[in-house]
Enquirer: 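Following this message is one structure expressed as structure tokens.
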Amino acid sequence: MRKYALCAATLCTAMITSAIAAEFTAVDLAKEEGKFAAYSVKSGMRAAFLEFFAAQSWLLRPEPVDAQAWIRGRPDPPIVLDWRSQLTILSASGDLGFSTGPSIYRSEADPKAPAAHGEFFSVWQKQLNGEWKVFIDHGISHGARSTPDALPTTPLIALDLAALKAGSSAFDAERDFVERSSKMGSAAAYIASVTNHTVLLREGILPISGQGRVAEHVNLKDGKWAWSPKMQGTSHAGDFAYVVGRYDGTTRNGETANGQYVRVWVRDASNDAQARWTIAGDIMTPQPPPKP
């Protein structure tokens with residue numbers, strides 16, 4: 001599972017100002033993800049993550065840590081990890097993108113052991129030299145697929161965001177989401193902010209995608225959360241934003257829970273006349289219980 005994670009220059013606001021690159025598309029982002037996965041299978045996770053992560057990037061372990069430093073300080077995991085993009089979204093300014101999809105990992109020590117499955121969640125960033133590198137990356141694990149020894153072959157959904165009108169409002173969706181969650185509950189906040197392309201990742205269960213499934217999940221299984229954003233940034237076009245923060249609250253069973261989250265917001269002028277902010281995806285990472 002992809003659990004090397006998170007990113008940005010400082011724990012505040014970061015804005016990417018690289019030049020617009022119209023020739024790079026959401027399909028190309030999926031191809032970059034494919035190169036990353038192929039490198040992992042051939043050369044190992046550690047080498048692949050060091051090669052494809054940005055110099056300034058972050059992991060959730062579960063708190064934000066410097067990704068490059070964290071990876072360099074550990075040996076190569078004894079597994080073979082592969083994955084495939086299922087959804088990619090690219091800002092109209094060609095500087096930030098989102099990619100998510102299934103992953104599969106096998107033990108090198110015991111090749112006959114059943115493969116394990118998960119989902120990855122990554123934000124990519126165009127570097128000053130024109131290269132694309134992973135800016136935020138995290139993941140979940142869950143039960144085996146119907147094809148336990150292979151990645152699913154669901155067709156790629158690749159979305160290139162349409163340019164917004166000049167003078168569009170600045171990013172404020174996360175603030176509104178936090179306020180709505182506080183006043184009306186997190187379920188209401190999610191339902192008001194999702195589309196049929198939204199993907200929620202929660203440890204131990206298959207991805208939750210689409211308006212209907214998201215509404216069902218947040219109404220029946222999600223808890224009551226208070227959100228505390230710690231780091232966020234937007235694309236140069238103002239149509240793509242990421243947020244990293246902490247959540248605290250209680251589960252549906254009344255148990256106290258807390259952890260870290262990453263949320264990606266997008267605005268697409270071609271699909272929404274008012275180009276409202278909607279959630280492309282988010283992932284919640286529970287804080288492990290304290291060691292005895």
Side-chain angles (χ1 to χ4, degrees), residues 1-6 24-41 45 48-49 52-53 60 79-91 96-106 115-125 132-161 190 193-217 240 242 261-266 268 270-271 278-285:
M1 61 189 155
R2 293 262 301 267
K3 279 199 172 181
Y4 290 143
L6 198 66
F24 191 88
T25 69
V27 171
D28 294 318
L29 182 60
K31 292 178 181 178
E32 289 298 311
E33 194 77 72
K35 294 176 185 176
F36 183 10
Y39 199 114
S40 172
V41 172
M45 285 180 61
F49 279 77
F52 281 83
F53 267 64
L60 294 177
I79 64 174
V80 177
L81 176 68
D82 194 9
W83 63 89
R84 179 180 296 119
S85 291
Q86 197 167 67
L87 169 67
T88 57
I89 302 176
L90 189 72
S91 167
L96 286 174
F98 173 57
S99 177
T100 187
S103 61
I104 185 170
Y105 45 107
R106 303 174 178 86
H117 291 258
E119 304 288 322
F120 72 89
F121 183 107
S122 57
V123 174
W124 286 70
Q125 177 194 77
W132 280 85
K133 297 287 186 179
V134 177
F135 184 54
I136 301 175
D137 180 86
H138 199 45
I140 61 167
S141 59
H142 53 64
R145 300 275 187 173
S146 57
T147 52
D149 294 322
L151 286 167
T153 56
T154 307
L156 171 70
I157 299 174
L159 304 176
D160 293 287
L161 299 181
Y190 272 111
S193 306
V194 301
T195 72
N196 281 329
H197 294 305
T198 300
V199 177
L200 307 186
L201 298 186
R202 304 291 185 263
E203 184 63 30
I205 62 176
L206 291 169
I208 306 144
S209 59
Q211 289 175 305
R213 289 198 62 217
V214 168
E216 179 182 12
H217 174 81
F240 183 110
Y242 64 86
Y261 73 94
V262 184
R263 186 171 293 126
V264 170
W265 293 89
V266 298
D268 188 1
S270 65
N271 294 328
T278 60
I279 297 173
D282 83 5
I283 181 170
M284 294 173 67
T285 303

Enquirer: With sequence neighbours excluded, what pairs up with Q211 under the side chain to side chain contact (heavy atoms under 4.5 Å, CB included) test?
Expert: V194, N196
Enquirer: Would you name the heavy atoms of G139 and E203 that are closest together and state the gap between them?
Expert: O-OE1, 4.4 Å
Enquirer: Give me the atom names and distance for the closest heavy-atom approach of S103 to L81.
Expert: CB-CD1, 4.3 Å
Enquirer: Which residues pass the side chain to side chain contact (heavy atoms under 4.5 Å, CB included) test with A280, sequence neighbours left out?
Expert: I89, F98, V264, V266
Enquirer: Mind checking whether F49 and F36 have parallel, tilted or perpendicular rings, split at 30° and 60°?
Expert: perpendicular
Enquirer: How long is the span from the CZ atom in F52 to the OG atom in S40, to the nearest 0.5 Å?
Expert: 10.0 Å
Enquirer: Output all residues satisfying salt bridge (Lys or Arg N to Asp or Glu O under 4.0 Å) with D282, sequence neighbours left out; order by chain, then residue number.
Expert: R202, R263
Enquirer: Look at the aromatic rings of W132 and F24 and report parallel, tilted or perpendicular, splitting at 30° and 60°.
Expert: parallel
Enquirer: Can you tell which of V214, V199, T198 makes a side chain to side chain contact (heavy atoms under 4.5 Å, CB included) with I279?
Expert: T198
Enquirer: With sequence neighbours left out, write down each residue that passes side chain to side chain contact (heavy atoms under 4.5 Å, CB included) with D82, or none if nothing qualifies.
Expert: A37, V41, I104, L151
Enquirer: Is a side-chain donor or acceptor of R84 paired with a backbone partner of P152 at a separation under 3.5 angstrom?
Expert: yes
Enquirer: Look at the aromatic rings of H142 and H117 and report parallel, tilted or perpendicular, splitting at 30° and 60°.
Expert: parallel
Enquirer: Not counting sequence neighbours, which residues clear side chain to side chain donor-acceptor pair (under 3.5 Å) with K35? List them please.
Expert: E32
Enquirer: Minimum heavy-atom separation for S85 and L156, please, with both atom names.
Expert: O-CD1, 3.8 Å
Enquirer: State whether the side chain of T88 and the backbone N or O of A26 hold a donor-acceptor pair below 3.5 Å, judged by distance alone.
Expert: yes
Enquirer: Sub-3.5 Å donor-acceptor pair from the side chain of T100 to the main-chain atoms of F120, do we have one?
Expert: yes
Enquirer: Of all residues at least two apart in sequence or in a different chain, which pass the side chain to side chain contact (heavy atoms under 4.5 Å, CB included) check with A116?
Expert: Y105
